[in-house]
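Take a look at the structure set out below.
What's counted below: heavy atoms across the whole structure, side chains too, no hydrogens, waters or symmetry copies. In what follows, residues are counted from 1 in the order of the sequence shown.
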Amino acid sequence: KKISDYEWEIPKQGDMLVPGRIIASKKLIEEMDEKLRLYFNSYRAYLFNEVLARYLKEKFKDIKEIDYSLGKFAFSEKRFINVRIPLIAFDTELKGDIGNIYNEMLKKEGLEIKNFLIRSYPNLVEKTVYRNALVDVKNLKVKYSKDEIDKDKMQAEVEFFLQKGSYGTLFIKKMFG
């Protein structure tokens, strides 16, 4: 809540004994909100990736794992019936196999579904969005040539299209990992 041009208050909540105060310009507050939103949504994406990896490991034996900075991505070599997995939010209904995995992840992380509703930061409040576990790669084109730096190796120029909400870096990891 804005108190003056340079003073903002974070309402008392949870275990806070007093409200918080921030001294900053409106521009700085907006930049902080945008970074906080990015971190919050990155965490939601991390949970999605972990749930998807656990789901694949529980359902399939032929899982290929590829390391990344926060753990391992899991890929199935077989095509399977697509599953829609929620990108968790305060209104997500956790049910079935995916719900059970999410509940275990939240417990491990020390969270509850209600923690995804942060009233003091309305810009962080997101509703549940579902993403497909499988996405189709369209218009794939790969062109190989000699690597310009390491002359003994080849390099690939890759062009493709993925639906909104999909990660091109994951496809590249799957393709070349």
Side-chain angles (χ1 to χ4, degrees), residues 1-59 63 65-75 82-135 161-174 177:
K1 172 174 103 174
K2 184 176 178 178
I3 308 280
S4 70
D5 286 345
Y6 292 95
E7 192 173 3
W8 306 81
E9 181 177 280
I10 301 170
K12 183 179 159 185
Q13 60 187 359
D15 293 334
M16 291 172 66
L17 299 176
V18 295
R21 289 285 167 114
I22 298 175
I23 309 298
S25 68
K26 183 176 181 182
K27 182 180 180 199
L28 182 59
I29 294 292
E30 288 169 355
E31 288 173 4
M32 287 170 38
D33 277 356
E34 190 56 37
K35 285 182 181 176
L36 191 56
R37 185 179 171 91
L38 174 69
Y39 294 140
F40 185 70
N41 286 323
S42 295
Y43 184 67
R44 293 171 64 217
Y46 160 76
L47 290 174
F48 173 92
N49 287 331
E50 290 297 304
V51 168
L52 175 57
R54 288 258 324 266
Y55 177 81
L56 292 175
K57 289 176 195 174
E58 288 177 9
K59 297 290 181 185
I63 297 303
E65 292 185 319
I66 298 174
D67 291 329
Y68 82 110
S69 61
L70 298 175
K72 293 182 182 289
F73 287 122
F75 298 97
N82 207 351
V83 176
R84 293 183 51 78
I85 300 174
L87 192 57
I88 198 164
F90 72 95
D91 64 339
T92 306
E93 291 184 32
L94 299 175
K95 52 189 174 182
D97 292 339
I98 298 296
N100 292 337
I101 296 169
Y102 256 124
N103 280 321
E104 289 174 21
M105 286 293 302
L106 291 176
K107 186 176 181 180
K108 176 183 163 195
E109 296 285 318
L111 293 172
E112 297 177 39
I113 199 83
K114 68 180 181 182
N115 297 128
F116 291 88
L117 178 60
I118 305 171
R119 294 184 196 284
S120 58
Y121 287 97
N123 289 343
L124 295 182
V125 176
E126 298 277 347
K127 291 191 173 188
T128 300
V129 174
Y130 287 84
R131 291 186 177 166
N132 290 326
L134 288 176
V135 293
F161 176 81
L162 295 173
Q163 69 187 35
K164 182 180 175 183
S166 302
Y167 296 100
T169 51
L170 290 181
F171 173 65
I172 296 295
K173 282 184 181 290
K174 168 78 166 88

Dump the intermediate steps for side chain to side chain contact (heavy atoms under 4.5 Å, CB included) on Phe171 and Phe75, then the final yes or no. CA-CA 10 Å; Phe171 173 65; Phe75 298 97; over 6 Å; no
Using a 3.5 Å distance criterion without hydrogens, assess whether the side chain of Tyr68 forms a donor-acceptor pair with backbone atoms of Lys173. no
Say whether, by atom type as modelled, one donor and one acceptor occur between the side chain of Asp91 and the main chain of Lys127 under 3.5 angstrom. no
At what distance, to the nearest 0.5 angstrom, does OG1 of Thr92 lie from CZ of Phe116? 8.0 Å
Gln163: side-chain hydrogen bond (donor to acceptor under 3.5 Å, both in side chains) partners, not counting sequence neighbours: none
Return the CE to CG distance between Met105 and Leu94, rounded to the nearest 0.5 Å. 12.0 Å
Nearest heavy-atom contact between Ala133 and Leu52 is CB-CD1, 3.6 Å
Taking OH in Tyr130 as the centre, count heavy atoms belonging to other residues, nucleotides or ligands within less than 6.0 Å. Is the count above 12? yes
Can you pull out every salt bridge (charged side-chain N to carboxylate O under 4.0 Å, His left out) where at least one residue sits in residues 98-110? Sequence neighbours excluded, please. Arg54-Glu104
Between Asn115 and Glu112 (side chain of the first, backbone of the second, donor and acceptor by atom type, cut-off under 3.5 Å), is there such a pair? yes
In sequence, state the C-alpha distance, the side-chain angles, and the governing distance for Ile101 and Glu58, and then conclude on side chain to side chain contact (heavy atoms under 4.5 Å, CB included). CA-CA 10 Å; Ile101 296 169; Glu58 288 177 9; 3.8 Å; yes
Could you pull out the closest heavy-atom pair between Ile118 and Phe40, with the gap in Å? CD1-CE1, 3.9 Å
Taking Asn82 for its side chain and Leu134 for its backbone only, find out whether a donor-acceptor pair lies under 3.5 Å. yes
Straight-line distance of Leu70 CG to Glu50 CD, nearest 0.5 Å: 7.5 Å
Are the side chain of Arg131 and the backbone of Ile85 linked by a donor-acceptor contact shorter than 3.5 Å? no
